[in-house]
J.: 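Have a look at this one before I ask anything.
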Amino acid sequence: MENEIFNQIYNIVRQIPKGKVCTYGIIASLLGSKKSARLVGYALNVSHKILPKVPAHRVVNRNGLLTGKHHFKAIDEMQVLLEKEGIVIINDQVQDFDSVIWNPILD
DNA sequence: TACATGACTCTTA
DNA sequence: ATAAGAGCCATGT
């Protein structure tokens with residue numbers, strides 16, 4: 001991807017530590033355009049063909065809901081990967097969301 | 001060139 | 001508290 005903004009998105013997502021999650025809005029804010037969360041989602045949508053691999057499963061919407069699970073190879077893959085990292089998910093909803101959220105600004 | 005779509009979020013009613 | 005509308009940016013047709 002020659003587009004710089006896409007690279008920035010992937011770069012940020014790769015910085016999400018294991019066991020933590022981030023939101024589209026936060027990532028968009030780091031890019032400078034806090035309203036461009038849709039663009040973040042679009043970038044992740046095509047991130048499956050990007051190398052090195054992007055941990056897109058660690059990105060959820062503002063409510064901690066796994067809105068993008070249907071875009072993975074297997075629908076449950078996103079949830080499985082997150083649970084593998086210690087995150088509890090019930091009904092596509094991240095439990096204790098405020099505790100697992102990764103805020104790079106506070107980091 | 002123009003319109004529609006999308007893994008979103010915020011503001012108003 | 002719930003629902004609807006507006007902004008945002010890149011892509012595809």
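Quick caveat: nothing in here was measured; it's all calculated off a predicted structure. Proteins come first, then strands; the chains are lettered A, B, ... in the order of their sequence lines, and each starts at number 1. When reading the values below, keep in mind they use all heavy atoms of this one structure, side chains included, and skip hydrogens, waters and symmetry mates.
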J.: Between A/Asn3 (CG) and C/dC9 (P), how many Å, whole number?
T.: 12 Å
J.: Backbone N or O of A/Leu81 within a donor-acceptor pair of the A/Glu83 side chain at under 3.5 Å?
T.: no
J.: Hey, are the side chains of A/Val60 and A/Phe97 touching, using non-hydrogen atoms and a 4.5 Å cut-off?
T.: yes
J.: State whether the number of non-hydrogen atoms from other residues, nucleotides or ligands found under 6.0 Å of A/Lys20 atom NZ is greater than 12.
T.: yes
J.: For nucleotides 8-13 of chain B, give me one character per nucleotide, 5' to 3': B if any protein heavy atom sits under 4.0 Å from the base, S if the only such contacts are to the sugar-phosphate, - if neither.
T.: BSS---
J.: Roughly how many Å is it from NZ in A/Lys73 to P in B/dA7, rounded to a whole number?
T.: 19 Å
J.: May I have the distance from A/Gln8 (atom CD) to C/dC9 (atom P), rounded to whole angstrom?
T.: 14 Å
J.: Rounded to whole angstroms, how far apart are NE2 on A/His71 and P on B/dT5?
T.: 15 Å
J.: What interatomic distance, in whole Å, is found between C1' of B/dA7 and the corresponding atom of C/dA3?
T.: 22 Å
J.: Output, in order, the C-alpha distance, side-chain angles, deciding distance and verdict of salt bridge (Lys or Arg N to Asp or Glu O under 4.0 Å) for A/Glu85 and A/Arg58.
T.: CA-CA 10 Å; A/Glu85 300 182 352; A/Arg58 294 184 184 143; 2.8 Å; yes
J.: Going by heavy atoms in the side chains, are A/Ile101 and A/Ile26 under 4.5 Å from each other?
T.: yes
J.: Could you tell me how far apart A/Phe6 (CZ) and B/dG6 (C1') are, to the nearest whole angstrom?
T.: 11 Å
J.: If I take atom CD in residue A/Glu4 and atom P in nucleotide C/dA10, what distance separates them, rounded to the nearest angstrom?
T.: 12 Å
J.: Expressed as a whole number of angstroms, how long is the span from A/Ile75:CD1 to B/dA7:P?
T.: 13 Å
J.: For A/Ala56, report the nucleic acid contact type (base, sugar-phosphate, nothing); a contact means any heavy atom under 4.0 Å.
T.: base
J.: Measure from the side-chain N and O atoms of A/Tyr10 to the backbone N and O of A/Ala43, and report whether any donor-acceptor pair falls under 3.5 Å.
T.: yes
J.: Rounded to the Å, how far apart are A/Leu82 CG and B/dA7 P?
T.: 18 Å
